[in-house]
Amino acid sequence: MYCSIGAAIAVAVVLFLLKRIRTSWAKEKTITITGNADNVIPIILCCATAICLWIWGNKMAMPAYDEVFSAQNAAGIHPFQCVSYYMLPNNHLLFNLLNGLFFHSFADKVVTGRILSLIAYLALIISLYYWFKQLFKNRWLGLLASITLALQFPVWGFSFQARGYELYLLAEWGLLISLFSYLFSHQKKWLYLNTFCCVAGYFCMPSFLYFHAAQMLFMLLYRLFNKREAMLFWKFQLAAVLSAYLCYLPALCFSGLQAIVFNAYTAPLGGFVNKPIGVFTQWMFAVFQPYINYIFPELHWKDIPVNLVLSLLPLMLLAAKKKTINRLFGLFWLCLWVVFFMLVIIMKRLPYERNLIGHFSITLAGVILVAHWFTGLSTANKKIKSVVWGLFPAVLILFSVLFLKTNEPFLKTGLYGFDVNKIYTELDKGFNYIPPGSTVAFSDIDFYCYYLCRKKGCIVHKCASGNEDYFVKQNFEPLPVSADRYLLVTHIGDYEVYKRK
């Protein structure tokens, strides 16, 4: 009942706001990316680079537990079930919905999910190219900057994962680009795009709140310093929040609010529930230190953490001239991290590194802007510009080489905190024991083995009827009712394989 009332109110408010804010829409041109022949080659290079990087990573990374779980239990079910069944944060709603809709006829949703991430990766690098090209007034510098950002470990790493993080990152960058475009052009069309990105970001993951709250804090400060009317912006933000609520309405009705806001990944850490905030804060900053390695690889010079120093460089943008892109970017970066730490302290819960993919990417972009500013390209006169022109590209090339050198070894445990390939190889080799074409039953929690055996040509069943040739379970699981028909024949990792007598 409450869901229905809330939905009715939300729909009414959204429609009312859209009616009020679209009065000048017809007078504005549609959102287009101006292009000409000069952009063809850079865009081709962007796409070719992204595809090559994706192929490189896709060949090295075997399917992970989270990929298989999402593919089978979210993307592989009916679309309405997908958006209604919120099993912890493992269901990246929008990503899994798109995977299930666009690739409904494909059996292996892990493969199609990785393709969907590639599409998001391509859209991201092209968007970054156009944005940096506009900032630097040079297409080749825009190309180099976008490729550098595409090489950052989490950005590259999740481009070949069947998870929603790359799509999530695209929404985050879309929010920032549309926000800044609105501030400099004052065209309402950018607010429409900003609203769309907010809704898409929330629909990917609720942790988009980190980004959206940072945008609202940024606009409060911007309004304070610039004394400009911003009521239209806030109307769009209200529309975004209510639209995101409507997207989550099926999940709220069928899975409940507790599944989203009070699950094992959002509830306060048990050890800090009744302890002062200061105790948690001290623990949080100590545990957060390894997160810096996702912005820049771990680097030290005479016991100085170079990667930490580099990650703090965007603070220098606050010293840029007022109302410049550098100053605004520095303020947004500061709001991003301040809001994040405030929410983490309030919730007493530190998210996984991968939830901060946008924070890491924005920080690297801030470092790139600092490099561009400090090398003098933005202000250099014609006589010395030819001299300093080589400094900024050299910095970007240095970062790119650093990422290329460290990404492969970091891939071993960097995405999920454990060696996915080692587990996959062990299980894949072990299941060669079962001949292709055999019928194999699994319990519901053995989804990973189910996926591997299906790839090997076995006929797999999620529920044991007792007539299957083999039955697979984890060591701690009880045997099925039909256990007397099976004989334990081998162990594969933490799994037991039974053969019908």
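Note that the structure is a prediction, hence the values are computed from the model and not measured.
- Annotation: side chain of N326 is not in contact with side chain of M316 (no heavy-atom distance under 4.5 Å).
- Under a 3.5 Å cut-off, the side chain of S70 and the backbone N or O of E67 do not form any donor-acceptor pair.
- Closest approach of N421 to M60, counting heavy atoms only: ND2-O, 2.6 Å.
- When all heavy atoms of T363 and S311 are compared, the closest pair comes out as CG2-O, 3.4 Å.
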Report the C-alpha separation of F280 and L269 in whole Å, then their side-chain angles, then the decisive distance to 0.1 Å, and conclude whether the side-chain contact (heavy atoms from CB on, under 4.5 Å) test is met.
-> CA-CA 9 Å; F280 173 80; L269 288 172; 4.2 Å; yes

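- Looking at heavy atoms from C-beta onward, Q237 lies out of side-chain contact with M219 at the 4.5 angstrom threshold.
- Here the CG atom belonging to L209 is positioned 7.0 Å from the CE atom belonging to M216, to the nearest 0.5 angstrom.
- Here OH of Y202 is found 15.0 Å from CG of L94. Values are rounded to the nearest 0.5 Å.
- Taking the six-membered ring for Trp, F158 and Y121 have ring centres at least 6.0 Å apart.
- Note that CZ of R354 is 11.5 Å distant from CZ of F360, once rounded to the nearest 0.5 Å.
- Under the 4.5 Å side-chain criterion, counting only non-hydrogen atoms from C-beta, L402 is in contact with L299.
- Not less than 6.0 angstrom separates the ring centroid of Y416 from the ring centroid of Y65.
- Under the 30°/60° scheme for interplanar angles, the aromatic rings of F332 and F218 are found to stand perpendicular.
- Crowding of F418 atom CZ: a count of heavy atoms from other residues, nucleotides or ligands under 6.0 Å exceeding 12.
- Residues Y168 and H92 keep their aromatic ring centres 6.0 Å or farther apart.
- To the nearest 0.5 angstrom, Y129 atom OH is 8.5 Å from S146 atom OG.
- Checked by atom type and distance alone, the side chain of N194 never pairs as donor or acceptor with a backbone atom of W190 at under 3.5 Å.
- Side-chain contact check for I260 versus S255: every heavy-atom pair is 4.5 Å or farther apart.
- Counting heavy atoms from C-beta on, the side chains of N307 and I295 never come closer than 4.5 Å.
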Go through the steps to decide whether V395 and F399 satisfy the test side-chain contact (heavy atoms from CB on, under 4.5 Å), and finish with yes or no.
-> CA-CA 6 Å; V395 173; F399 287 162; 3.7 Å; yes

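- Here the side chains of F132 and N138 are not in contact, with every heavy-atom distance at 4.5 Å or above.
- Here the closest non-hydrogen pair linking P351 and L356 is CG-CD2, 4.4 Å.
- Under a 4.0 Å N-O distance rule, the pair D38/K133 does not qualify as a salt bridge.
- The local environment of OH in Y85 is sparse, with at most 12 non-hydrogen atoms from other residues, nucleotides or ligands closer than 6.0 Å.
- A donor-acceptor pair under 3.5 Å is formed between the side chain of S117 and the backbone N or O of Q161.
- No side-chain heavy atom of P268 sits less than 4.5 Å from a side-chain heavy atom of R349.
- Within 6.0 Å of CZ on F196 lie no more than 12 heavy atoms contributed by other residues, nucleotides or ligands.
- In this structure, S207 and N355 approach most closely via the heavy-atom pair OG-ND2, 3.3 Å.
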With side-chain contact (heavy atoms from CB on, under 4.5 Å) as the test, would you mind laying out the steps for F410 and L415 before giving the verdict?
-> CA-CA 8 Å; F410 199 17; L415 293 180; over 6 Å; no

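- Note that the CH2 atom of W140 and the CG atom of L45 stand 6.0 Å from one another [nearest 0.5 Å].
- Judged by distance alone, the side chain of N96 and the main-chain N or O of C82 form no donor-acceptor pair under 3.5 Å.
- For F392 and F136, the ring centers are positioned less than 6.0 Å apart.
- Residue-environment remark: CZ (F184) exceeds the threshold of 12 foreign heavy atoms within 6.0 Å.
- Contact record, N99 with L116: N-CD2, 3.8 Å, taken as the closest heavy-atom pair.
- Residues A120 and L170 approach most closely at O-CD2, 4.2 Å, considering heavy atoms.
- A donor-acceptor pair under 3.5 Å is absent between the side-chain atoms of E353 and the main chain of Y291, judged by distance alone.
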Working for side-chain contact (heavy atoms from CB on, under 4.5 Å), residues I345 and M342 = CA-CA 5 Å; I345 291 171; M342 286 178 59; 6.0 Å; no

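- Other residues, nucleotides and ligands place more than 12 heavy atoms under 6.0 Å from the CG atom of L221.
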Assess whether ring pair (Phe, Tyr, Trp, His ring centres under 6.0 Å) is satisfied between Y448 and F69, documenting all intermediate values.
-> CA-CA 7 Å; Y448 199 64; F69 182 87; over 10 Å; no

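- Put simply, the side chain of Y294 does not reach to within 4.5 Å of the side chain of Q152, judged on heavy atoms.
- You'll find the ring centres of Y86 and F254 outside the 6.0 Å limit.
- Here the OG1-NZ distance, from T112 to K109, works out to 5.5 Å after rounding to the nearest 0.5 Å.
- Taking the ring axis of Y165 as reference, the NZ or CZ atom of R163 does not stay both within 45° of it and closer than 6.0 Å to the ring centre.
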Determine, stepwise, if the pair W173 / S361 fulfils side chain to side chain donor-acceptor pair (under 3.5 Å).
-> CA-CA 9 Å; W173 265 108; S361 184; 2.8 Å; yes

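- For the side chain to side chain contact (heavy atoms under 4.5 Å, CB included) test with L124, the passing option among L149, I119, L169 is L169; the others fail.
- Ring geometry for F341 against F285 counts as tilted: the plane angle lies between 30° and 60°, on a 0 to 90° scale.
- Checked against the 6.0 Å centroid criterion, the rings of F403 and W156 do not qualify as a close aromatic pair.
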